[in-house]
Amino acid sequence: MENTLAHRKVFNLAIPMLLSSISVPLFGLVDTAILGHLDTPDYLAAVAVGASVVSFLLWAFGFLRMGTTSLAARAYGAGHNTQLKQLFGQSSVLALGIGLLIVLLSPLLVPLAVALMQSDQQLGELSQEYIRIRLLAAPAVLLSYAIIGWFIGLQNTRVPLYMAVAANAVNIIGDVVFVLYWDMGSRGAALASLLGDFTNLALGLYFVFQQLKRFSDSPFNLRVLTQLAPYRELLQVNRHLFVRTLVLLGSLSFFTAQGAAQGPLILAANAILLQLVHLSSYALDGFAHATEALVGKAVGQKSPELFKEACLSTAFWSLIVAVFIVLLFHIGQSSLITLFSDDPMLQQQVIHYYPWVLALPLVSATCYFLDGVFIGTAYTFDMQITMILSSFVVFLPTWWLTQDLGNHGLWLSFCAFNGARGIFLAMMFCYRQRSDWGLVN
């Protein structure tokens, strides 16, 4: 009976987040599918480079989501509504400040970032245009991160689902109008995503105000938003997550850059394959988010029983979902490839490297689940260390040793990177388990 209740808790949180997370890469999936059917692969390659840079510049501050979830879940478990209100205010101030700074610095950041991606001149110009448009939404995107993290911590995963569905609906409509009907290429794809980002924020703010009304009886002092001391815990958690995320995104950007160095055809093929990888990653993230919320609540309640229950249930379902994704990708291989492009040469390249897409969900399932555990417990320093080791001790050396294998070597190193993340995190999990994660007084 207890196991049934545990699985039900996980599903109540995970399924909305799984659907929400899957909808996130639809921004890239729709862009990739539509651009892949245009006369030239240049637009698709430009979006691949541009999306990689935008992801690096924006998701580098993904700690605004993860750190907010960690602290919100703990405050929720302890029943501290005033602390929850304070946390949302602090996260919002940080998000807007960083977002505005990105917009102001974008004229300097964009050319440098594209140059590092080793694109040719024409591709570089298209990529820069795409990035400049997307970065106009930086404050909206970062504030949305904080909103999503706050609601996950509150054990409410329906709101992120509503936000993502609305944003992607706007993005899809924009892609059809701007790219297909108005023939705006990669510029149209950027504008569609921009509209989706602002839709995401608008709906998120509506739900925030509705939630704050329920906390109206809890006092809140605006001075906590203007003093440094109240930000200390949030900044402490976010500092480690920031470094960890920078290393992760640096590894992903390196992967894209090495694909670009092999020519536009390989770059375009990798762009399609990475969209499928992102889709599987976001699906696994749905259960990782459930882990964050349940584990954080266990920490707030000082409950080892709830902690163990959350870990066992989410680990089990993460593995089941990984196997299901592999089967789905295997069965639907031909349909997925045709969806993304009708260029025979590009399709052949995608088929050639497709087995790596089938391997990655199984290789990566452990690291996604354990990310949720460490975020929920706020042991973010462990995440920082394991990510650095996975990138610099495993990923880069493996790539260096397998360069003769070309793009296969690149994908092999990427698989090794994700596998190493899971192994190193599992080692840290066993170490922390010896001290009961500080849950026992």
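Keep in mind it's a predicted model, so treat the numbers as computed, not measured. Count residues from 1 along the sequence.
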Pair Phe215-Thr82, side-chain contact (heavy atoms from CB on, under 4.5 Å): steps then yes or no: CA-CA 8 Å; Phe215 295 156; Thr82 297; over 6 Å; no
[X] [atom1] to [Y] [atom2] distance, which is reported to the nearest 0.5 Å:
X	Y	atom1	atom2	value
Ile147	Asn200	CD1	CG	8.0 Å
Leu195	Ile173	CG	CD1	10.0 Å
Phe307	Gln433	CZ	CD	6.0 Å
Met428	Thr386	CE	OG1	7.5 Å
Leu191	Arg187	CG	CZ	5.5 Å
Leu154	Gln211	CG	CD	5.5 Å

Determine whether [X] and [Y] make a side-chain contact, defined as any pair of heavy atoms from C-beta on separated by less than 4.5 Å.
X	Y	result
Arg244	Asp371	yes
Val277	Trp411	yes
Asn81	Arg214	no
Asp197	Ser144	no
Leu252	Phe414	yes
Glu292	Arg65	yes
Phe329	Val326	no
Asn270	Thr256	no

Name of the residue among Phe417, Phe424, Phe255 meeting ring pair (Phe, Tyr, Trp, His ring centres under 6.0 Å) with Phe395: Phe417
Report yes if the distance between the aromatic ring centroids of Tyr162 and Phe207 is under 6.0 Å, otherwise no. yes
Indicate the atoms forming the closest heavy-atom contact of [X] with [Y], along with that distance.
X	Y	answer
Pro361	Ile325	CG-CG2, 3.9 Å
Ser91	Leu234	OG-CD2, 3.8 Å
Leu194	Ala137	CD1-CB, 3.4 Å
Ile152	Pro160	CG1-CG, 4.3 Å
Val350	Leu273	CG1-CD2, 3.8 Å
Arg239	Gln384	O-OE1, 4.3 Å

For [X] and [Y], indicate whether the former's side chain and the latter's backbone hold a donor-acceptor pair under 3.5 Å.
X	Y	result
Gln128	Val110	no
Thr199	Ala167	no
Ser391	Met387	no
Ser413	Leu410	yes
Ser106	Arg132	no

Under the side-chain contact (heavy atoms from CB on, under 4.5 Å) criterion, do Phe374 and Thr380 qualify, and how do the steps go? CA-CA 6 Å; Phe374 283 94; Thr380 50; over 6 Å; no
Any chance you could lay out the side-chain contact (heavy atoms from CB on, under 4.5 Å) test for Asn238 and Leu94, step after step, and finish with the verdict? CA-CA 11 Å; Asn238 287 342; Leu94 282 177; 4.3 Å; yes
When you look at Gln275 and Ile272, which way does the side-chain contact (heavy atoms from CB on, under 4.5 Å) test go after all the steps? CA-CA 5 Å; Gln275 291 302 326; Ile272 291 174; 5.8 Å; no
Going by the angle between their ring planes, with limits at 30° and 60°, are Trp150 and Phe88 parallel, tilted or perpendicular? tilted
Looking at Tyr368, does the NZ or CZ of Arg421 lie under 6.0 angstrom from its six-membered ring centre and within 45 degrees of the ring axis? yes
Does Tyr353 have more than 12 heavy atoms from other residues, nucleotides or ligands lying within 6.0 Å of its OH? yes
